[in-house]
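Just so it is clear, the values below take in all heavy atoms, side chains as well, and ignore hydrogens, waters and symmetry mates. Throughout, protein chains are lettered first and strands after them, A, B, ... in sequence-line order, and every chain is numbered starting at 1.
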Number of protein chains: 2
Amino acid sequence: MDNRDSKKNYRTRQQDSIEKYFRLHPDSCVTADEIYIRFMNAGEKIGKATIYRCLDRMVESGEIKKFLSDGGEGATYQLIDGEGGCDRHFHLKCTRCGTVIHMDCEFMDEFERHIMQHHGFMVDNGRTIIYGLCEKCNAKAT
Amino acid sequence: MDNRDSKKNYRTRQQDSIEKYFRLHPDSCVTADEIYIRFMNAGEKIGKATIYRCLDRMVESGEIKKFLSDGGEGATYQLIDGEGGCDRHFHLKCTRCGTVIHMDCEFMDEFERHIMQHHGFMVDNGRTIIYGLCEKCNAKAT
DNA sequence: ATTAAAACTGATAATCATTTTCAAATTGCC
DNA sequence: GGCAATTTGAAAATGATTATCAGTTTTAAT
């Protein structure tokens with residue numbers, strides 16, 4: 001029925017390297033270009049096109065998440081630890097330090113129920129990102 | 001203290017035209033390019049740079065809202081009727097038809113309170129957009 | 001291990017939205 | 001009217017991302 005994912009993924013050195021990078025930096029939020037620079041500085045050759053393609057694949061598979069930026073600074077990518085499946089909770093992203101909090105609690109269901117019942121709207125958790133300030137940054141901001 | 005808005009805004013034909021366009025199409029969600037094409041087709045001459053600049057100003061003033069798109073399709077802009085001040089409520093945006101629902105109810109406060117108390121996170125309503133399907137599109141989708 | 005097909009890489013070119021530049025035009029104010 | 005501040009617009013520049021395509025690597029099957 002759905003043959004979008006009919007092709008298998010071949011494991012490659014570049015793919016593994018990028019994946020390893022994210023696993024080593026679980027909280028870092030990087031652009032494709034930053035990855036390119038880091039790899040080049042580390043003496044690991046990789047093409048930009050490849051980076052974009054790998055990132056796309058990883059986003060597709062739900063391993064990482066893509067965040068759009070308001071200015072023209074290029075999208076950032078960040079590891080999403082998929083233990084519980086990320087369609088099941090919201091992501092709270094700090095606009096200051098980039099931290100992503102996984103909001104995985106019963107209240108979320110209540111939230112969705114309210115929006116469905118009172119506003120006739122079916123929330124897409126995977127696509128939605130709640131922006132604001134995390135505890136630390138909020139303390140600093142005041 | 002804050003001299004960012006020290007310069008006065010001159011009212012111009014182009015500025016008025018774009019503003020009028022949004023008022024006439026409160027529910028339409030357009031890209032800068034679409035505005036350009038519409039104006040050209042209507043015989044109203046305008047430069048693209050000007051459109052971008054006007055849109056930026058209107059976003060700044062809170063009159064319209066800028067929505068980023070995941071693909072490379074360019075940002076879309078939509079009128080935000082500022083009756084109650086848009087920092088006071090959430091925006092629910094349908095990923096199918098583009099409709100924006102203003103969620104302005106007591107539950108929102110509860111939501112913010114919960115997130116603050118249980119997740120230590122200070123939600124920024126103005127920046128946050130909840131994505132999903134509106135009633136009509138959700139019905140069709142099933 | 002060979003092999004063939006499928007998938008991936010990377011250098012480069014292309015695309016395309018957005019920004020910058022700067023001279024000319026417009027606006028608001030005296 | 002006259003002047004300074006601001007805006008406009010055509011064209012060039014920028015910059016992130018995607019497409020191209022020949023060559024390489026991976027996988028699965030023999």
Side-chain angles (χ1 to χ4, degrees), chain A residues 3-22 29-61 63-78 98, chain B residues 3-22 29-61 63-78 98:
Chain A
N3 61 343
R4 266 178 300 173
D5 47 359
S6 57
K7 69 172 157 184
K8 24 201 165 247
N9 280 19
Y10 289 175
R11 223 83 251 284
T12 64
R13 172 178 64 77
Q14 294 84 344
Q15 191 122 213
D16 287 340
S17 290
I18 293 180
E19 195 166 323
K20 194 187 298 173
Y21 171 81
F22 277 108
C29 199
V30 288
T31 63
D33 207 56
E34 279 163 5
I35 291 180
Y36 177 72
I37 291 169
R38 278 167 192 275
F39 276 53
M40 289 320 241
N41 285 345
E44 193 163 352
K45 248 189 102 201
I46 193 168
K48 280 197 185 184
T50 303
I51 293 176
Y52 279 106
R53 279 180 298 227
C54 287
L55 290 173
D56 279 352
R57 266 180 245 133
M58 292 173 76
V59 168
E60 188 96 8
S61 78
E63 198 173 353
I64 60 174
K65 205 161 170 58
K66 181 180 183 181
F67 296 93
L68 303 173
S69 59
D70 229 326
E73 305 105 17
T76 56
Y77 299 82
Q78 185 164 0
Chain B
N3 61 343
R4 266 179 299 174
D5 46 0
S6 58
K7 67 175 159 186
K8 21 197 169 255
N9 280 20
Y10 288 173
R11 220 84 250 285
T12 65
R13 171 178 63 78
Q14 294 85 342
Q15 211 150 152
D16 288 339
S17 290
I18 293 180
E19 195 167 323
K20 195 188 295 172
Y21 171 82
F22 277 107
C29 201
V30 287
T31 62
D33 207 57
E34 278 162 6
I35 291 180
Y36 177 73
I37 292 169
R38 278 167 192 275
F39 277 53
M40 289 319 244
N41 285 346
E44 194 165 350
K45 249 188 101 200
I46 193 167
K48 282 197 181 182
T50 303
I51 293 176
Y52 279 106
R53 280 181 296 227
C54 287
L55 290 173
D56 280 351
R57 267 181 243 131
M58 291 173 76
V59 168
E60 187 98 6
S61 78
E63 199 173 354
I64 61 173
K65 205 163 170 57
K66 180 180 183 179
F67 296 94
L68 302 173
S69 58
D70 229 328
E73 305 105 18
T76 55
Y77 299 82
Q78 186 163 0

Expressed in angstrom and rounded to an integer, what is the separation of B:Q15 atom CD from C:dT26 atom P? 15 Å
Of the candidates D:dT8, D:dT18, D:dT7, the side chain of B:N9 sits closest to D:dT7
Quickly work out the B:I18 CD1 to D:dT7 C1' distance and round it to whole Å. 12 Å
Residues in side-chain contact (heavy atoms from CB on, under 4.5 Å) contact with B:E44, at least two apart in sequence or another chain: B:R13, B:S17, B:F39
Rounded to whole Å, please give me the gap between CZ in A:R11 and C1' in C:dA6. 16 Å
Going by heavy atoms closer than 4.0 Å, what residues in residues 29-51 of chain B are next to DNA chain C? B:A49
Side chain proximity check, B:R57 to B:E19, heavy atoms < 4.5 angstrom: no
Please examine the side chains of A:Y77 and A:I35, heavy atoms only from C-beta on, and report whether any two atoms are closer than 4.5 Å. no
Distance test, side-chain N/O of B:Y52 to OP1/OP2 of C:dT18, below 4.0 Å: yes
Rounding to an integer number of Å, can you tell me how far B:Y77 OH sits from C:dT18 C1'? 8 Å
Quantify the bending of the helix from C:dA1-D:dT30 to C:dC30-D:dG1 as the angle between its end axes, each fitted on five pairs, to 10°. 30°
Heavy-atom side-chain proximity of B:F22 to B:M58 below 4.5 angstrom: yes
In whole Å, what is the span from the CD atom of B:E60 to the P atom of D:dT7? 12 Å
Strictly below 4.0 Å: does B:R53 bring a side-chain N or O up to OP1 or OP2 of C:dT21? no
Which residues satisfy the salt bridge (Lys or Arg N to Asp or Glu O under 4.0 Å) test with B:K48, sequence neighbours excluded? B:D33
Closest heavy-atom contact between A:A32 and A:I51? O-CG2, 3.9 Å
Check whether any side-chain N or O of A:Q14 sits under 4.0 Å from OP1 or OP2 of C:dC8, and answer yes or no. no
Checking A:T12 now: which residues fulfil side-chain contact (heavy atoms from CB on, under 4.5 Å) with it, not counting sequence neighbours? A:Q14, A:Q15
Contact class for A:R13 (heavy atom, under 4.0 Å): base, sugar-phosphate, or nothing? sugar-phosphate
Between B:L55 (CG) and C:dT18 (C1'), how many Å, whole number? 11 Å
Could you work out, with salt bridge (Lys or Arg N to Asp or Glu O under 4.0 Å) as the rule, every residue matching A:D70, not counting sequence neighbours? none
Shortest non-hydrogen contact between A:G74 and A:T31, atoms and distance: O-CG2, 4.1 Å
Taking OH from B:Y10 and P from C:dT27, how many angstroms apart are they, rounded to a whole number? 11 Å
Kindly say if A:T12 contacts the phosphate of D:dT25, meaning a side-chain N or O under 4.0 Å from OP1 or OP2. no
